[in-house]
Chemist: 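Let me give you the structure first, and then I'll get to my questions.
The basis for the numbers below is simple: all heavy atoms, side chains too, and nothing from hydrogens, waters or symmetry mates.
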Amino acid sequence: MKLIIGLCLLCFLAALTFRCKDRESKMDKQNSNFCNDLHKINQDSFKKQIDGKNTDLYILKNVNNLEIAFTNYGQRLVSLLVPDRYGKFDDVVLGFSDLDGYRNAQEKYFGATIGRYANRIANAKFSIGDMEYQLARNNGVNHLHGGEKGFESLVWNTRQISTNEIEFERISEDGEEGYPGNLHVKVNYTLTNSNELKIVYTATTDRTTIVNLTHHSFFNLAGEGNGTINDHILEINADYYTPIDKGLIPTGKLLEVKGTPFDFTSGKPIGQDLRDQNEQLLFGNGYDHNFVLNKFPKNEEGLFFAARVKEPLSGRVMEVYTNEPGLQLYSGNFLNGNDIGKSEKAYVLRGAFCLESQHFPDSPNKSNFPSTILKPGEVYTSICVYRFLLDKQNIIK
């Protein structure tokens, strides 16, 4: 009798375990379908061959259901799903639902890693010692974001380390886009359970060169395609910025932000001063400027607090931490509605902002700017952390 009761109990427990696992499996599938429906991305639409190399889509997730999609074409962040103060998830980066969208877009840098040199180099040339190097003139007479075919247009070798970590790698060969040295680049992305996207860039070279890498996601914390970012509240931890000339090249000066439209030290709407007839805003058609970051406060890892952005309606907050001396603010000045994104919405003027941690633009030609020289035997290391938070005040019940 005891044997029969024991067998019955075992059968019951086995059936209960099976039902629980089946329920968990269905919930996981529902969550996956939810995310796929939300960002409208099909992995197969990212499977192609470009320059003889295979492209694909890769997903990172954390325990809080944040989800990020990458493609190894241009090492692009395709989607980033974060909740608002009510628990509703939205995709907060601009982009496309297939690879062709990126390749045919008017704006070529959506979500990409930029290199070898982020931002502009005056007259598309620089010198190391007595040797002068000529680069592509792909921004008027200047060089922009690594050239005609920079890191954003190349297929990277990929290693997905875990469900929340991925690494991209390639060798930029000596002479690529005019740059000297074989540059071995690795970029590691980790989506932490503290809702941080941590980006770590490392590079080595066999010949003295310059390097300045950054990440170029276009953010809208109200959701991609959901209007402008003019009402986003932005704080930048910088008392100085680098003014530019008509060609958007830094003049070499450092100017105080106090009393100018570039003062974000206390936080203000991005669009508050955009109609100001300030010469610098006219040159850039808005904000397209490098800010000189203060070196305090720091987080637990010793990274500088660089910026904080808050979207008032959703309550989404994004903070930026870095070891870089500069942060480029770009206010979506050249978005014009021609690119139609993942939600079939036009990406309009001021429809996104970029916050790019970096060394200063044109540093190779400005001896008073922090150096971007990398020599054999040295390791270039750059870190950027985008941290996502919620402002739960003023919740409407």
Chemist: Does a side chain donor of either T372 or N212 reach within less than 3.5 Å of an acceptor in the other side chain?
Modeler: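 No, no side-chain donor-acceptor contact under 3.5 Å.
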Chemist: So, N182 and D206: side-chain donor and acceptor under 3.5 Å apart, yes or no?
Modeler: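 Present: a donor and an acceptor within the cut-off.
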Chemist: Do we see a donor-acceptor contact under 3.5 Å between the side chains of K47 and N54?
Modeler: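 N54 and K47 do not have a side-chain donor-acceptor pair below 3.5 Å.
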Chemist: When rounded to the nearest 0.5 angstrom, what is the spacing between CZ in R137 and CD1 in I121?
Modeler: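 The distance works out to 12.5 Å.
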Chemist: Quick check: Y287 with F262 (ring centres under 6.0 Å apart)?
Modeler: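 Ring centroids of F262 and Y287 are less than 6.0 Å from each other.
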Chemist: Answer with yes or no after comparing the ring centroid distance for Y179 and H143 against a 6.0 Å cut-off, counting only values under it.
Modeler: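 Ring centroids of Y179 and H143 are less than 6.0 Å from each other.
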Chemist: With rounding to the nearest 0.5 angstrom, report the OH to CD1 distance, Y58 to I166.
Modeler: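 One finds 6.5 Å between OH of Y58 and CD1 of I166.
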Chemist: Do side-chain atoms of Q328 reach the backbone of D288 as a donor and acceptor pair under 3.5 angstrom?
Modeler: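 Yes: the side chain of Q328 pairs with the backbone of D288.
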Chemist: Going by an N to O cut-off under 4.0 Å, is there a salt bridge joining K88 and D84?
Modeler: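 Judged by the 4.0 Å cut-off on N to carboxylate O distance, K88 and D84 do not form a salt bridge.
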Chemist: Taking R316 for the side chain and P83 for the main chain, is one N or O donor matched with an acceptor at less than 3.5 Å?
Modeler: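 Confirmed, R316 side chain pairs with P83 backbone.
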Chemist: Is it true that K258 and D239 have a side-chain N and a carboxylate O under 4.0 angstrom from each other?
Modeler: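 The answer is no: the pair does not qualify as a salt bridge.
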Chemist: Between R170 and E176, does any side-chain N to carboxylate O distance fall below 4.0 Å?
Modeler: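 Yes, R170 and E176 are salt-bridged.
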Chemist: So does I270 get a backbone contact from the side chain of R350, meaning a donor-acceptor N/O pair under 3.5 Å?
Modeler: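 Absent.
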Chemist: Can you list, by chain and residue number, the hydrophobic cluster partners of V379 when the side-chain cut-off is 4.5 Å?
Modeler: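 Its cluster partners, ordered by chain and number, are none at all.
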Chemist: Do any N or O atoms from the side chain of R387 and from the backbone of K198 form a donor-acceptor pair under 3.5 angstrom?
Modeler: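 Absent.
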Chemist: Of all the heavy-atom pairs spanning L60 and S162, show the shortest one and how long it is.
Modeler: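 What the structure gives for the nearest pair is CD2-O, 4.2 Å.
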Chemist: Is a side-chain donor or acceptor of T190 paired with a backbone partner of T192 at a separation under 3.5 angstrom?
Modeler: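 Judged by distance alone, no pair lies under 3.5 Å.
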Chemist: When hydrophobic residues are tied together by side-chain contacts of less than 4.5 Å, even through go-betweens, does F360 share a cluster with Y330?
Modeler: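 Shared cluster, no.
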Chemist: Does D339 reach the main-chain N or O of Q106 with its side chain, forming a donor-acceptor pair under 3.5 Å?
Modeler: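 Yes, because the side chain of D339 sits within donor-acceptor range (under 3.5 Å) of the backbone of Q106.
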Chemist: Okay, side chain of N368, backbone of G252: is any donor-acceptor separation there less than 3.5 Å?
Modeler: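 Yes, N368 side chain to G252 backbone: donor-acceptor pair under 3.5 Å.
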Chemist: Please answer whether the main-chain N or O of I244 pairs with a side-chain N or O of Q280 as donor and acceptor at a distance below 3.5 Å.
Modeler: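 Checked: pair present.
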Chemist: Step through it carefully: locate the ring centre of F70, locate the ring centre of Y189, and say whether they are under 6.0 Å apart.
Modeler: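 Ring centroids of F70 and Y189 are less than 6.0 Å from each other.
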Chemist: What I want to find out is whether R103 reaches D98 closely enough, with some N-O distance under 4.0 Å, to be called a salt bridge.
Modeler: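 So R103 does not pair with D98 through a salt bridge.
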Chemist: In terms of hydrophobic clusters joined by side-chain contacts under 4.5 Å, are L77 and V185 together?
Modeler: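 Both belong to a single hydrophobic cluster.
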Chemist: Do the side chains of D100 and K48 get close enough for a salt bridge, i.e. N-O under 4.0 angstrom?
Modeler: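 The answer is yes: the pair qualifies as a salt bridge.
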Chemist: Would you please say whether a donor-acceptor pair under 3.5 Å links the side chains of S343 and E224?
Modeler: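 Side chains of S343 and E224: pair found under 3.5 Å.
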Chemist: Measure from the side-chain N and O atoms of N336 to the backbone N and O of N338, and report whether any donor-acceptor pair falls under 3.5 Å.
Modeler: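 Yes, because the side chain of N336 sits within donor-acceptor range (under 3.5 Å) of the backbone of N338.
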Chemist: R85 and S314: side-chain donor and acceptor closer than 3.5 Å?
Modeler: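 Judged by distance alone, the side chains do not pair up.
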Chemist: As an exercise, state the distance from CD1 of I114 to CG of L213, rounded to the nearest 0.5 Å.
Modeler: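 Result: 9.5 Å between the selected atoms.
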Chemist: Please answer whether the main-chain N or O of L327 pairs with a side-chain N or O of S357 as donor and acceptor at a distance below 3.5 Å.
Modeler: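 The answer is no, because no donor-acceptor pair under 3.5 Å joins these two groups.
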Chemist: Just by distance, no angles: are the side chains of H215 and Q75 close enough, under 3.5 Å, to form a donor-acceptor pair?
Modeler: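 H215 vs Q75: no donor-acceptor pair found between side chains.
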Chemist: Verify whether one side chain among E378 and Y380 offers a donor that lies under 3.5 Å from an acceptor in the other.
Modeler: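 No, no side-chain donor-acceptor pair sits under 3.5 Å.
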Chemist: Do F96 and F110 have ring centroids that are under 6.0 Å from one another?
Modeler: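 Yes, the ring centres sit under 6.0 Å apart.
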Chemist: One thing to verify: whether E152 and K108 come together as a salt bridge, which I'm taking to mean a side-chain N less than 4.0 angstrom from a carboxylate O.
Modeler: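 Salt bridge present between K108 and E152.
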Chemist: Any donor-acceptor pair under 3.5 Å linking the side-chain atoms of T214 with those of Q358?
Modeler: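 Absent: no donor and acceptor within the cut-off.
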Chemist: Pick out which of P325, P250, P364 makes a side chain to side chain contact (heavy atoms under 4.5 Å, CB included) with F369.
Modeler: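 Of the listed options, the one satisfying the test is P250.
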Chemist: Taking atom types as modelled, is there a side-chain donor on N365 or D362 under 3.5 Å from an acceptor on the other?
Modeler: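 Yes, side-chain donor-acceptor contact under 3.5 Å.
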Chemist: Tell me whether the centres of the aromatic rings in F151 and W156 are closer together than 6.0 Å.
Modeler: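 So the answer is yes for these two rings.
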Chemist: Can the positive tip of K268 be found less than 6.0 Å from the middle of the six-membered ring of F264, inside 45° of the ring normal?
Modeler: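 The answer is yes; both the distance and angle limits are met.
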